[in-house]
Undergrad: 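Input: one structure, supplied below.
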Protein chains: 2
Amino acid sequence: MVTIQDVAKAAGVSVATVSRVLNNSPRVTPETRMIVEAAIKELNYQPNLLGRNLRRAESKTILVLLPSISNPFYSRVVRGMEDTAQKYGYNIMLCNDYSEAEMEKNYLELLKKRIADGVIFTAPVLSAGELEDIAKDYPVVQCCEYIPGASLSHVSIDNEAAAYKAVKHLIDLGHRRIGFVGTQSVFISAIQRENGYKKALLDHGIEVSPELIQYGNYGFLSGLNVARSLVKMKNRPTAIFAISDVMAMGVMRAITDCGLSVPKDVSVVGFDNIDFSSMISPALTTVSQPRYRLGQTAMEILLEQLKNGTREVKEVILDSKLVIRDSTGALKSAYTPV
Amino acid sequence: MVTIQDVAKAAGVSVATVSRVLNNSPRVTPETRMIVEAAIKELNYQPNLLGRNLRRAESKTILVLLPSISNPFYSRVVRGMEDTAQKYGYNIMLCNDYSEAEMEKNYLELLKKRIADGVIFTAPVLSAGELEDIAKDYPVVQCCEYIPGASLSHVSIDNEAAAYKAVKHLIDLGHRRIGFVGTQSVFISAIQRENGYKKALLDHGIEVSPELIQYGNYGFLSGLNVARSLVKMKNRPTAIFAISDVMAMGVMRAITDCGLSVPKDVSVVGFDNIDFSSMISPALTTVSQPRYRLGQTAMEILLEQLKNGTREVKEVILDSKLVIRDSTGALKSAYTPV
DNA sequence: TTGTATGCGTTATCAC
DNA sequence: GTGATAACGCATACAA
């Protein structure tokens, strides 16, 4: 392995000078700079970051925790983080935490071990207290999911308003009996989306019927199972709002399994606008989040904190929009539910 | 930050002794070990890996390059790598190379910079020569896609045999006019799957018709466009084999867009068995790869190389299997294509 | 402007 | 079994 020593020797200067060239120090003659750069190229020298990082007490690596890379929602979020990190000379370390507190704790060790300089959570399952503890020593940003009230930065969308928009779309189409497929999870998005659903109904004089509210676990199969009971009701809903596209796909399957069709018999709205939502038939009406910008903004906030050594709490809410496709349609006038 | 020095002081021993305790050296009295461990716990000490890694000249990190985490095929492959790496005390650094040689080269710098100890490619676009150059200095393993003939380890499946099985399934159902939707890419899987398709036809006395072979670019939309021309032929195929599930989904959409139905009018087979393939209607018949084991095996080979300092080339081929679902059916006897 | 020397935190080699 | 110390590769304070 070729080290800074070898370059110094080859260039006939000291290691300090080579180091200065590497770090673009202004205090170095153009002439010697040329010589050093020539030696660097000649020897094909690459600085050993292990040495540099130790000396600088930083790793130039940001930890990014997500539930699972198999969740298609996060791919563009990660892209936003990645591009931004790279722009500032950082690498990201992508880790699946499988929504397990134990896994998250394990990965946070990487901070203490100096393998990473900061962390972005996309869907933390640790408690506010635990996160705040980390944030005392290291920059922490929450992206997408976050713990309300925790004194930690986050960047997300207004899930309640977004869900409201989605349900209002159904109401505008004439639907009044609207089912809800969600989850009983710790994630704020699940709670806020349910709130948005309820608020939209109430604001339009529609009663919230507990029997129309069903909970699954985010999976396709749970969406399928849960929706089946909705569809088989004697007085079934004419539309269903699911809090994720994957669950919405389960809902659609449940509907077609019962010999009904989307949107003719039941309209369906999802949430997230994952790539697959436009690939299925009928293409899914859903809520689109600015995924790239979510990741980008989160990374910018984190790097800003890192640069300034500040721990200012920033709370950023970005816009979302309803994408209307083919899975929602006007209520058939012939069919008049109570 | 608490260092090994602090622990030594607190325990009343030398740093050497603390280091021995940390590394489970046998030459340390149980008694002093207890004292040191107590001090470690007391101070909540965590070894600074930057120091350790510099000293040991290793990073305990493996680079994993994949085209994009948005490709759902790789999620379980990565899981297999991740679990295995963790088991041996390694972390993985997941990087999207977007099938760009430039990106791959950039990430390979991490090896020279000592940020990573080895690399696994899932779908390399660099040339055999470039990869072999890397492999001279660092452990390299190819997982899933690989460059045939390169003197580099790889673990994959027999794509030709798998495709053969898929097409034979269609032939067994009575189909003789079978379309192919693939890509003209550098990836071996694309080539081998096309070969498997052709071989299956020839082995069963079916002529290979160039007009039934269509190429796209792996995307849903390209599958859709390409299949449209197949479906609109006056003498359209009664079955279509696509080399990926995502393209198969495009094919299915093209079929239903034309007012036809799957599998009644056209049977469809995909490849990869991504999660979504069982979520769509009708559920997709496809080829399942042992994704977890692919990743696991690749990582094991890499870590083995790292441990032994050997560069032995291993070529591992794992089994795949056809998963028959609802998108394939027997040829309707009423409809008799030429 | 350049060189010398020290230290980042750890491990490992040598004495004892 | 334990301790003092050099060394990993680099950046920087200080001296020249």
Side-chain angles (χ1 to χ4, degrees), chain A residues 1-40 43-61 89 109-117 137, chain B residues 1-40 43-61 89 109-117 137:
Chain A
M1 151 164 227
V2 36
T3 76
I4 199 173
Q5 313 270 359
D6 303 320
V7 177
K9 199 168 298 175
V13 297
S14 73
V15 292
T17 301
V18 178
S19 180
R20 287 191 193 98
V21 170
L22 289 173
N23 296 288
N24 292 314
S25 164
R27 311 182 311 204
V28 52
T29 309
E31 193 181 353
T32 54
R33 167 168 308 238
M34 297 256 291
I35 298 175
V36 172
E37 280 170 348
I40 289 175
L43 297 177
N44 192 21
Y45 166 73
Q46 290 268 27
N48 179 330
L49 293 193
L50 260 27
R52 171 180 294 176
N53 291 344
L54 172 61
R55 177 58 224 248
R56 290 194 179 153
E58 65 177 6
S59 65
K60 288 280 185 184
T61 297
E109 302 282 289
L110 296 180
L111 290 171
K112 296 181 190 159
K113 291 174 177 169
R114 302 286 154 180
I115 289 282
D117 297 335
D137 299 324
Chain B
M1 152 163 228
V2 37
T3 76
I4 199 171
Q5 312 271 0
D6 303 321
V7 176
K9 199 169 296 174
V13 298
S14 72
V15 293
T17 301
V18 177
S19 180
R20 288 192 191 96
V21 171
L22 289 173
N23 296 288
N24 294 314
S25 163
R27 310 183 311 203
V28 53
T29 311
E31 194 181 352
T32 54
R33 165 166 310 236
M34 296 257 291
I35 297 174
V36 172
E37 280 170 347
I40 288 175
L43 297 178
N44 191 23
Y45 166 73
Q46 290 268 28
N48 179 330
L49 294 193
L50 292 176
R52 172 179 294 174
N53 292 344
L54 172 61
R55 178 60 226 242
R56 292 198 176 146
E58 65 177 7
S59 65
K60 288 281 184 184
T61 298
E109 301 282 289
L110 296 180
L111 290 169
K112 295 181 190 159
K113 291 176 178 170
R114 301 288 155 181
I115 288 283
D117 297 336
D137 299 323

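Below, chains carry the letters A, B, ... as their sequence lines are ordered, and counting in each starts from 1.
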Undergrad: Counting any heavy atom closer than 4.0 Å, what does B/Gln5 reach on the DNA or RNA strands: base, sugar-phosphate only, or nothing?
TA: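 Counting heavy atoms under 4.0 Å across all strands, the contact made by B/Gln5 includes a base.
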Undergrad: To the nearest Å, give me how far apart CG (A/Asn23) and P (D/dG9) are.
TA: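 Taking atom P of D/dG9 as the reference, CG of A/Asn23 is at 17 Å.
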Undergrad: What parts of residues 109-116 of chain B reach DNA chain C, counting only heavy atoms under 4.0 Å away?
TA: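 Output list: empty, so none.
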Undergrad: How long is the line joining CG of A/Leu50 and C1' of D/dA7, in whole Å?
TA: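 Rounded to the whole Å, the gap is 14 Å.
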Undergrad: So what does B/Thr29 hit on the nucleic acid, given a heavy-atom distance under 4.0 Å: a base, only sugar-phosphate, or nothing?
TA: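 The answer is sugar-phosphate, as B/Thr29 gets under 4.0 Å only of primed atoms, P, OP1 or OP2.
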Undergrad: So which one's nearest nucleotide on DNA chain C is more toward 5', B/Arg20 or B/Gly51?
TA: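 The 5'-side residue here is B/Gly51.
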Undergrad: Do B/Ile115 and A/Lys60 have side-chain heavy atoms sitting under 4.5 Å apart?
TA: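 Contact flag for B/Ile115/A/Lys60 side chains = no.
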Undergrad: CG of B/Leu54 versus P of D/dC10: gap in Å, rounded?
TA: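 The distance from CG of B/Leu54 to P of D/dC10 comes to 9 Å, rounded to the nearest Å.
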Undergrad: Applying side chain to side chain contact (heavy atoms under 4.5 Å, CB included) between B/Glu37 and each of B/Val21, B/Val18, B/Val7, report the one that passes.
TA: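 The residue from B/Val21, B/Val18, B/Val7 that satisfies side chain to side chain contact (heavy atoms under 4.5 Å, CB included) with B/Glu37 turns out to be B/Val21.
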Undergrad: B/Leu22 and side chain to side chain contact (heavy atoms under 4.5 Å, CB included): which single residue from B/Ile4, B/Thr17, B/Val36 fits?
TA: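 Only match with B/Leu22 under side chain to side chain contact (heavy atoms under 4.5 Å, CB included): B/Ile4.
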Undergrad: Select base, sugar-phosphate, or nothing to describe what A/Asn53 touches, counting heavy atoms under 4.0 Å on all strands.
TA: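 Counting heavy atoms under 4.0 Å across all strands, no contact is made by A/Asn53.
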Undergrad: Looking for any heavy atom pair under 4.0 Å, which part of the strands does A/Ala57 touch: base, sugar-phosphate only, or nothing?
TA: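 Nothing, no heavy atom under 4.0 Å.
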Undergrad: Enter the distance from A/Lys113:NZ to A/Glu109:CD here, rounded to the nearest 0.5 Å.
TA: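 So the NZ of A/Lys113 and the CD of A/Glu109 are separated by 5.5 Å.
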Undergrad: Does a nitrogen or oxygen in the side chain of A/Arg56 sit under 4.0 Å from OP1 or OP2 of D/dA11?
TA: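 Affirmative; the distance criterion is met.
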Undergrad: Using OP1 and OP2 only, check whether a side-chain N or O of B/Thr32 sits under 4.0 Å from D/dG1.
TA: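 So the side-chain polar atoms of B/Thr32 never come under 4.0 Å of the phosphate oxygens OP1 or OP2 of D/dG1.
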Undergrad: Establish whether the base of C/dA12 is bridged to the side chain of B/Arg55 by a donor-acceptor pair shorter than 3.5 Å.
TA: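 For B/Arg55, whose side chain was compared with the base of C/dA12, there is no donor-acceptor pair (under 3.5 Å).
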Undergrad: If we only count heavy atoms from C-beta on, is the B/Ser19 to B/Asn23 side-chain gap below 4.5 Å?
TA: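 Yes, their side chains come closer than 4.5 Å.
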Undergrad: Reckon B/Tyr45 has a side-chain N or O less than 4.0 Å from the OP1 or OP2 of C/dT10?
TA: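 Result: yes.
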Undergrad: Is the phosphate of C/dC8, meaning OP1 or OP2, less than 4.0 Å from a side-chain N or O of B/Asn48?
TA: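 No.
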Undergrad: Could you state the CD-P distance from A/Glu58 to D/dG9, rounded to the nearest angstrom?
TA: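 Roughly 20 Å, once rounded to whole Å.
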Undergrad: Report yes if a donor N or O on one partner sits less than 3.5 Å from an acceptor N or O on the other, where the partners are the side chain of B/Arg33 and the base of D/dG1; otherwise report no.
TA: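 It does not, because no donor-acceptor pair links the side chain of B/Arg33 to the base of D/dG1 below 3.5 Å.
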Undergrad: Let's see if you can work this out: which of C/dA5, C/dT11, C/dG3 has an atom nearest to the side-chain heavy atoms of A/Val15?
TA: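 Looking only at heavy atoms from C-beta outward on A/Val15, the closest nucleotide is C/dA5.
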Undergrad: Base, sugar-phosphate alone, or nothing: which one does B/Ile4 contact when heavy atoms must sit under 4.0 Å apart?
TA: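 It contacts base atoms.
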Undergrad: Could you tell me the separation between the CZ atom of B/Arg20 and the CZ atom of B/Arg27, rounded to the nearest 0.5 Å?
TA: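 Taking CZ in B/Arg20 and CZ in B/Arg27, the distance rounds to 6.0 Å.
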Undergrad: Under 4.0 Å, counting only non-hydrogen atoms across every strand here, what does B/Arg27 touch: a base, just sugar-phosphate, or nothing?
TA: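 If one applies the 4.0 Å heavy-atom cut-off, B/Arg27 turns out to touch a base.
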Undergrad: Between C1' on C/dG9 and CE on B/Met1, what's the gap in Å once rounded to a whole number?
TA: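 Between C1' of C/dG9 and CE of B/Met1: 8 Å.
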Undergrad: Under 3.5 Å, is there a donor-acceptor pair between the side chain of B/Thr29 and the main chain of B/Glu31?
TA: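 A pair under 3.5 Å: no.
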Undergrad: What is the distance, rounded to the nearest whole Å, between atom CG of A/Asp6 and atom P of D/dG9?
TA: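 So the two atoms are 9 Å apart, to the nearest Å.
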Undergrad: Is the phosphate of D/dG9, meaning OP1 or OP2, less than 4.0 Å from a side-chain N or O of A/Thr3?
TA: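 No, outside the criterion.
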Undergrad: In Å, rounded to the nearest 0.5 Å, how long is the span from CG of B/Leu49 to CG of A/Asn53?
TA: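 Atom-to-atom, B/Leu49:CG and A/Asn53:CG are 12.0 Å apart.
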Undergrad: Rounded to the nearest Å, what distance is computed from the CG atom of residue A/Leu22 to the C1' atom of nucleotide D/dT12?
TA: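 The answer, rounded to whole Å, is 14 Å.
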Undergrad: Could you give the CD1-to-P distance, from B/Ile35 to D/dG1, as a whole number of Å?
TA: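 Distance check: B/Ile35 CD1 to D/dG1 P gives 15 Å.
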Undergrad: Are A/Asp137 and B/Met1 close enough that some pair of their side-chain heavy atoms sits under 4.5 Å apart?
TA: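 No; the side chains remain at least 4.5 Å from each other.
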Undergrad: Look at the side-chain N and O atoms of A/Arg52 and state whether any lies under 4.0 Å from the OP1 or OP2 oxygen of D/dA11.
TA: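 Yes, because at least one side-chain N or O of A/Arg52 sits under 4.0 Å from OP1 or OP2 of D/dA11.
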